[in-house]
2 protein chains.
Amino acid sequence: METGATGEGSGVLGETGLGGQVRSTVGRLYRRFRSERPDGSLGDTALEVLTRLYKNGPQTLTQLSEHDHVAPASMSQTVNRLTSAGYAVRTADPNDGRKVLFSPTPEGAELARAARIQRNAWLDAHLQALSPEDQNAIARACVLLSNIADS
Amino acid sequence: METGATGEGSGVLGETGLGGQVRSTVGRLYRRFRSERPDGSLGDTALEVLTRLYKNGPQTLTQLSEHDHVAPASMSQTVNRLTSAGYAVRTADPNDGRKVLFSPTPEGAELARAARIQRNAWLDAHLQALSPEDQNAIARACVLLSNIADS
DNA sequence: TATTGTTATACTCTATAACTATA
DNA sequence: TATAGTTATAGAGTATAACAATA
């Protein structure tokens with residue numbers, strides 16, 4: 001690979017940089033996740049938002065949109081898909097009339113629990129087949145890359 | 001975090017499994033990458049395909065779609081965006097009339113080189129600030145996760 | 001018949017712009 | 001004015017189904 005179509009340098013962080021590897025790996029894994037999605041179910045983004053509401057409790061639109069680095073208008077449409085499907089509800093914030101708190105319905109909570117296990121099944125199976133050292137490397141990378149995503 | 005909305009177990013690979021961490025990290029990084037995209041440019045998928053053509057040489061539609069785990073019809077539309085924009089061309093396979101080989105144009109090759117450096121700039125900057133051990137963990141995780149994406 | 005690729009159609013996800021309502 | 005959220009519209013990316021052309 002990297003057969004040198006340009007011939008400029010061979011540093012690890014140059015043409016084949018670690019950043020490029022991360023991007024490529026992330027993109028391919030992301031599409032692989034999507035290809036595993038059961039038919040007729042929520043998309044990955046909507047399910048992740050629902051899971052976050054389930055795990056961390058009610059949150060405002062701004063909190064959700066900032067966490068995912070998407071525009072508020074984008075997140076508004078994502079939560080619309082959740083509320084339309086009956087998996088989440090809007091509640092007015094008693095202290096600030098401008099804010100809206102989103103919470104999972106009982107159906108949404110159940111879906112969050114079930115879908116997460118279901119969707120992670122094949123991934124967890126592969127991860128558990130790795131050595132403890134390899135698992136640690138991945139766990140470490142997740143923490144580091146998650147911090148970068150927040151920066 | 002993980003304040004125990006369910007109260008069932010606390011194993012590392014249970015409710016908060018490594019698979020879930022990987023999924024969450026990948027999803028957030030993917031969206032973060034997208035938010036860094038310069039306006040009016042190619043999307044991430046199209047650019048990655050173009051980069052692959054540039055690096056690995058002409059490939060058929062089936063090769064491209066299998067590499068990314070997307071349907072052939074999906075990849076057909078992605079390469080259509082590339083050819084419409086003048087960054088790639090179709091060539092008939094001389095040995096098999098059913099096959100079509102996609103190659104970058106000179107403009108596409110130039111874009112692949114420039115865009116890759118440009119888009120990875122902020123990511124590389126963050127990665128280079130990490131310790132060598134942390135960088136190694138990420139590089140190792142990329143190899144391992146890329147293998148899983150291929151499985 | 002099987003393989004390769006394309007087009008038609010629909011859905012998810014995201015963005016920007018313009019808007020309403022509350023502070 | 002500033003902040004929080006929504007709706008309208010557009011584009012990228014993906015899927016399935018139906019199709020054409022070649023092997």
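Labels below follow one simple rule: chain letters A, B, ... track the order of the sequence lines, proteins then strands, and each chain is numbered from 1.
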Would you kindly check if the NZ (Lys) or CZ (Arg) of R119(A) is within the cone defined by 45 degrees around the ring axis of F33(A) and under 6.0 Å from the six-membered ring centre?
no
Whole Å only: how far is the CG atom of N95(A) from the C1' atom of dT22(C)?
14 Å
In whole Å, I'd like the distance from the CG atom of D44(B) to the P atom of dC13(C).
16 Å
Could you check how far NE2 of H69(A) sits from P of dT14(C), rounded to whole Å?
13 Å
For atom CE of M75(A) and atom P of dC13(C), their distance in whole Å
10 Å
When you group the ILVMFWY residues by side-chain heavy-atom contacts below 4.5 Å and let the links chain together, are W122(B) and L130(B) in the same group?
yes
Show, in sequence, the C-alpha distance, side-chain angles and deciding distance for F102(B) and Q59(B), and conclude whether the side-chain contact (heavy atoms from CB on, under 4.5 Å) test is met.
CA-CA 6 Å; F102(B) 294 90; Q59(B) 292 179 52; over 6 Å; no
Compare side-chain N and O positions of R81(A) against OP1 and OP2 of dC13(C) and report whether any pair is under 4.0 Å apart.
yes
By nearest-heavy-atom nucleotide on DNA chain C, the more 5' of R34(A) and G97(A) is R34(A)
Check whether any side-chain N or O of T105(A) sits under 3.5 Å from a backbone N or O of G86(A) as a donor-acceptor pair, and report yes or no.
yes
Heavy atoms of D44(B) and R34(B) approach each other most closely as OD2-CA, 3.7 Å
Protein-proximity profile, nucleotides 4-10 of chain C, B/S/- by nucleotide at the 4.0 Å heavy-atom cutoff, equals SSBBBB-
When you check the side-chain N and O atoms of R52(B) and H67(B), is any donor under 3.5 Å from an acceptor?
yes
When you list every nucleotide of DNA chain D with an atom under 4.0 Å from a heavy atom of chain A, which one comes first 5' to 3', and which comes last?
dT3(D) to dT14(D)
Between N136(A) and R140(B), does any side-chain donor sit less than 3.5 Å from a side-chain acceptor?
no
Checking R81(A) against S84(A): is there a side-chain donor and acceptor pair closer than 3.5 Å?
no
